[in-house]
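All of these numbers come straight from a predicted model, not from anything done at the bench. Note on naming: letters A, B, ... go to the chains in the order of the sequence lines (proteins, then strands), and numbering restarts at 1 for each one.
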Amino acid sequence: MIDSSLLQKKVKMEKEHPLPELPGAEKGKVVMRFAPGPSGPLHIGHTRVAILNDEYVKRYDGTFVNRIEDTNPEKIDPEAYDTIPEDLDWLGVKVHQTVIQSSRMELYYDVARKLIDIGKAYVCTCPVEKWRKLKERGEACPHRELPKETQHEEFDRMLSGYYPEESAVLVVKTDLKHPNPAIRDFVGLRIVDSVPHPRTGTRYRVYPMMNFSVAIDDHFLGMTHVLRGKDHLNNTQRQEYIFRYFGWKIPWYHHYGLVSVPESILKTSIVAQGIKSGEYSGWDDVRLGTVRALKRRGITPEAIRDYWIDCGIKDVDIQFSWETLYAFNKQRVDPLANRYFFVWDPVLVSIEGIETLESHAPLHPNHPERGMRRLRLQGRPIKIYLNGTDLESIGSRGKLRLKDLCNIEVEGNLATYAGNDLSVVREGIKIVHWVPEYGIKTVVEMPDGSKKEGISEPIPPSEIGNVIQFERFAFVKIEAVNPIIKAVFTHN
RNA sequence: GCUCCCGUAGUGUAGUCCGGUCAAUCAUGCGGGCCUCUCGAGCCCGCGACUCGGGUUCAAAUCCCGGCGGGAGCACCA
């Protein structure tokens, strides 16, 4: 006979690598990247591409490049150069190489000149609207076919400051007759001199556009596989033109479906504004979808990874499911979370008929070796807090089992000790949690930003930073235990 | 308007390339049960899907055509 529990385990082991293999991936030779714009800390949307790339790099023993795409001086939060690596680190993403695009400007200029040399780029000084209109019709602007000597001169003028912002761009030629208008000639470099760059100041005034710098960096950094969202489908086609012009080896591209994250504010600019106005307490405000907020709420990086691996890399668009993420998180956190009592609707109840009680409640029901929470109750009468809703549930009078303590007969706010016979639970007696009179005031911050106040049993300082479970309430992450207990709601 | 991508249960996912073993997998969710102590975990049972129509074929979730539906792009953002 085969042990069925072993069989169960085996199935789980087999499911460990649900991500498909990457074509042409050779152990030790895979190079992949994560390429965020430094506009702020990472949010849940970023974590998918970061983790998936990391997962593959780890599988193939490859190289993970974190490439900071800071070629738009207008959209840079200088702190993001630090916060992004911090977030990646917390996520468990192993970065082997970090590249900052603003340090590679000469390379982009160099490639731009080579592109001009081979007749694949031109400087356009048409008004933006006119150039777009021509493109729509599949027609060339007057600058497109000018000789390369002229193009070089014009490009020099762009660099020298002769042209003001928006009056000249270097355009990469593709195919003006391409049936897809999104693929026709695209801007490779533009002028930005109204805003100094946080890292390079006013040293440069011509900046590459994403499609330009991405193609160049993907090549020179040796990307073998590029995994990214479907929104880049057209960008990939544009970038491939550059690869083909130079005869570069094109990486294997894969575009997974878009993720829509419900009930969550992700857009960095909106969040930044909200923080500034005081609407949000910071990047880790529990209402936000940032990595920082998830961390604060007690969501583990392992659960985030489990979730994205489970979603896979299909090109179908998906709905992000908080519910499923919480389920994965619960699997990670439940074995670790010690149990404590928290009464969120406290009503003081007196227990007659006994003067001393001591409870021995396990820190974790599945791990008795961790020890007990011992609570001594004394008094005449003994006083405890119960949840008002629990009292109401038995009507005007009835029996309750105080978990890990004793049974009581209740009438109003008065209770009588009724022994400690555990067999009553078989009769369907309601088991409730309770907190001694000397419990600690507790505030739980809920995901919507509201606060739930109540009283908890004392929690040791060693639990600060841990996710614990308030029994019959939820999992929460402890932020402080003194003078009051502060916790953040994780999930049920 | 043009171009591209996609369509398996509430949400994800396996299967689709190389038709049959798929009256369709797993997870999550929901409902019920077990459990001497949680509205947690675990265990058991149940609910729930191949977008539609046509074609090819002995046989289609899988191949072909069309409709419908969803998404993306057509930026001097990334």
Which nucleotide, in any strand shown, forms a Watson-Crick or G-U wobble pair with [N], with both distances under 3.5 Å?
N     : value
B/G69 : B/C6
B/C34 : B/G42
B/C50 : none
B/C18 : none
B/C74 : B/G1
B/A23 : none
B/A61 : none

Starting at the 5' end of RNA chain B and moving along, which residue's nearest nucleotide shows up first, A/Gln319 or A/Asn180?
-> A/Asn180

For A/Leu402 and for A/Phe328, find the nucleotide of RNA chain B with the closest heavy atom, then tell me which residue's nucleotide is more 5'.
-> A/Phe328

OP1, OP2 of [N] versus side-chain N and O of [X]: anything below 4.0 Å?
X        : N     : result
A/Thr324 : B/G29 : no
A/Gln469 : B/A41 : no
A/Arg132 : B/A75 : yes
A/Arg228 : B/A78 : no
A/Lys330 : B/A41 : yes
A/Arg401 : B/U36 : no

Just compare [options] and give me whichever is closest to any side-chain atom of [X].
X        : options             : result
A/Lys230 : B/G12, B/A41, B/G70 : B/G70
A/Lys135 : B/A78, B/G40, B/A75 : B/A75
A/Leu422 : B/C37, B/A78, B/C5  : B/C37
A/Lys314 : B/G73, B/U11, B/A14 : B/A14
A/Asp390 : B/U38, B/C39, B/C5  : B/C39
A/Val316 : B/C37, B/G7, B/G40  : B/G7
A/Asp334 : B/G73, B/A41, B/A78 : B/A41
A/Ser321 : B/U11, B/U13, B/A41 : B/U11
A/Met209 : B/A78, B/U36, B/U38 : B/A78
A/Arg472 : B/U38, B/A78, B/U11 : B/U38

With rounding to whole Å, what would you report as the distance between B/C58 and B/C30 at their C1' atoms?
-> 41 Å

For [X] and [N], what is the distance between atoms [atom1] and [atom2] respectively, to the nearest whole Å?
X        : N     : atom1 : atom2 : answer
A/Asp175 : B/U3  : CG    : C1'   : 13 Å
A/Met210 : B/C76 : CE    : P     : 13 Å
A/Asp306 : B/C26 : CG    : C1'   : 15 Å
A/Leu363 : B/A41 : CG    : P     : 19 Å
A/Phe473 : B/G40 : CZ    : P     : 14 Å
A/Ile318 : B/A72 : CD1   : P     : 14 Å
A/Leu258 : B/C4  : CG    : P     : 18 Å

Determine whether the side chains of A/Asn235 and A/Arg238 contain a donor N or O and an acceptor N or O closer than 3.5 Å.
-> yes

Classify the side-chain pair A/Asn466/A/Asn338 by whether it contains a donor and acceptor separated by less than 3.5 Å.
-> no

Does A/Val123 reach the side chain of A/Leu146, with side-chain heavy atoms less than 4.5 Å apart?
-> no

For [X], report the nucleic acid contact type (base, sugar-phosphate, nothing); a contact means any heavy atom under 4.0 Å.
X        : result
A/Asn235 : base
A/Pro365 : base
A/Arg184 : nothing
A/Glu69  : sugar-phosphate
A/Tyr207 : nothing
A/Thr71  : sugar-phosphate
A/Glu136 : nothing
A/Glu323 : base

Taking NZ, NE, NH1 and NH2 as the nitrogens, is one of them in [X] or [Y] under 4.0 Å from a carboxylate oxygen of the other?
X        : Y        : answer
A/Glu21  : A/Arg59  : yes
A/Arg373 : A/Glu471 : yes
A/Arg132 : A/Asp185 : no

So CG of A/Leu405 and CD of A/Glu358: to nearest 0.5 Å the spacing works out to 10.0 Å

Ring geometry between A/Phe473 and A/Trp344 (parallel below 30°, tilted from 30 to 60°, perpendicular above 60°) = tilted

